[in-house]
Amino acid sequence: MVQTKKMKKATIVSFAVLLTACNNPKIEGNWIEPVPGMEDMTQGFSLKHDGKAESINMATLQYEKWERKNDTLILSGKSIGNHQTLPFSDTLIITELSPEKMTLQKANLTITYRKQQ
């Protein structure tokens, strides 16, 4: 009887871990969107496993690191322009995340990215 309860509990815990893993897609990878006004070109960012980030096709916005806290993505780096370089940190709300798509929101701005394969 005791053994059966332990097995049942282990099965439930295993199922919960598996379900969480399926519903929590990995955020690491290259995320791109069409360049506004130039839909044949893409831009975005690369999120590395070690917390480092890189810009994709954005010379004036240089991502350096990223951090995820629940449904919040924080991207930090340097903004380059007008003979000056300024550090920045963007806090974005993850409103949708799947293995192929991520939608981020900041105030009234919503951007949908596709995962680059």
Side-chain angles (χ1 to χ4, degrees):
M1 179 93 172
V2 173
Q3 186 67 20
T4 305
K5 286 183 180 182
K6 285 182 180 180
M7 288 176 53
K8 188 183 261 187
K9 185 175 182 179
T11 302
I12 291 170
V13 169
S14 297
F15 180 73
V17 168
L18 182 61
L19 187 60
T20 301
C22 292
N23 290 328
N24 194 12
K26 292 188 179 199
I27 195 169
E28 292 90 351
N30 295 341
W31 296 94
I32 56 172
E33 64 159 339
V35 175
M38 296 185 279
E39 277 63 32
D40 58 327
M41 297 180 65
T42 59
Q43 64 183 14
F45 48 84
S46 179
L47 303 178
K48 308 293 183 178
H49 295 283
D50 59 2
K52 292 182 181 176
E54 294 178 359
S55 300
I56 298 174
N57 297 330
M58 294 191 292
T60 60
L61 199 59
Q62 296 295 309
Y63 293 113
E64 296 175 338
K65 61 183 182 175
W66 69 276
E67 181 181 1
R68 181 177 180 185
K69 295 181 180 179
N70 299 317
D71 289 336
T72 302
L73 176 64
I74 303 166
L75 289 169
S76 303
K78 295 177 185 164
S79 178
I80 303 168
N82 295 330
H83 307 289
Q84 62 183 8
T85 300
L86 301 171
F88 75 90
S89 185
D90 273 339
T91 301
L92 307 149
I93 304 300
I94 303 168
T95 59
E96 180 180 353
L97 179 61
S98 73
E100 303 88 25
K101 180 180 172 182
M102 177 167 48
T103 303
L104 302 174
Q105 186 169 5
K106 181 177 179 181
N108 293 328
L109 177 65
T110 300
I111 304 172
T112 298
Y113 294 92
R114 299 275 176 209
K115 195 163 201 179
Q116 192 176 38
Q117 301 302 327

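Between the OG1 atom in T42 and the CD atom in E39 there is a gap of 11.5 Å [rounded to 0.5 Å]. If you take CD on E54 and OH on Y63, they are separated by 13.0 Å, rounding to the nearest 0.5 Å. Here the straight-line distance linking atom CD1 of I32 with atom CD of Q117 works out to 9.5 Å at 0.5 Å rounding. Between K26 atom NZ and K115 atom NZ the span is 8.5 Å, to the nearest 0.5 Å.
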Would you check, one step at a time, whether the test side-chain hydrogen bond (donor to acceptor under 3.5 Å, both in side chains) holds for T95 with T103?
CA-CA 6 Å; T95 59; T103 303; 4.6 Å; no
Go through the steps to decide whether S55 and F45 satisfy the test side-chain contact (heavy atoms from CB on, under 4.5 Å), and finish with yes or no.
CA-CA 4 Å; S55 300; F45 48 84; 5.9 Å; no
Intermediate values then yes/no, side-chain contact (heavy atoms from CB on, under 4.5 Å), V35 and N57:
CA-CA 9 Å; V35 175; N57 297 330; 5.9 Å; no
Can you list the steps and then say if I74 with D90 is a side-chain contact (heavy atoms from CB on, under 4.5 Å)?
CA-CA 6 Å; I74 303 166; D90 273 339; over 6 Å; no
Walk me through it: do L73 and L104 pass the test side-chain contact (heavy atoms from CB on, under 4.5 Å)?
CA-CA 8 Å; L73 176 64; L104 302 174; 4.0 Å; yes
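The two residues F88 and L61 make their nearest non-hydrogen contact at CE2-CD1, 3.5 Å. Here the closest non-hydrogen pair linking W31 and K101 is CZ3-C, 3.6 Å. Closest of all the heavy-atom pairs between E64 and K78 is OE2-CE, 3.2 Å. Closest non-hydrogen pair, A59 versus I80, comes out as O-CD1, 4.2 Å. Looking at every heavy atom in both residues, R68 comes nearest to I94 through NE-CD1, 3.8 Å. For the pair Q43 and P36, the tightest heavy-atom approach, listed with the atom from each and the gap, is NE2-CD, 3.8 Å.
Judged purely by atom type and a 3.5 angstrom limit, N30 has no side-chain atom pairing as donor or acceptor with the backbone of S46. Formation of a donor-acceptor pair under 3.5 Å by the D50 side chain with backbone atoms of K52 is found in this model. The closest donor-acceptor contact from the side chain of Q84 to the backbone of G81 lies at 3.5 Å or more, if one exists at all.
Between E100 and R114 there is no salt bridge, since no side-chain nitrogen of the basic residue lies less than 4.0 Å from a carboxylate oxygen of the acidic one. With salt bridges taken as basic N to acidic carboxylate O contacts below 4.0 Å, one links K69 and E67.
M38 and M58 fall into different hydrophobic clusters, where Ile, Leu, Val, Met, Phe, Trp and Tyr are joined by side-chain heavy atoms under 4.5 Å apart, directly or via other members. Follow the hydrophobic side-chain contacts under 4.5 Å out from I27 and you reach L92 in the same cluster. In terms of hydrophobic clustering, with Ile, Leu, Val, Met, Phe, Trp and Tyr side chains grouped at heavy-atom distances under 4.5 Å, I56 and I111 are assigned to different clusters.
Residues satisfying the side chain to side chain donor-acceptor pair (under 3.5 Å) test with S76, not counting sequence neighbours, are S89.
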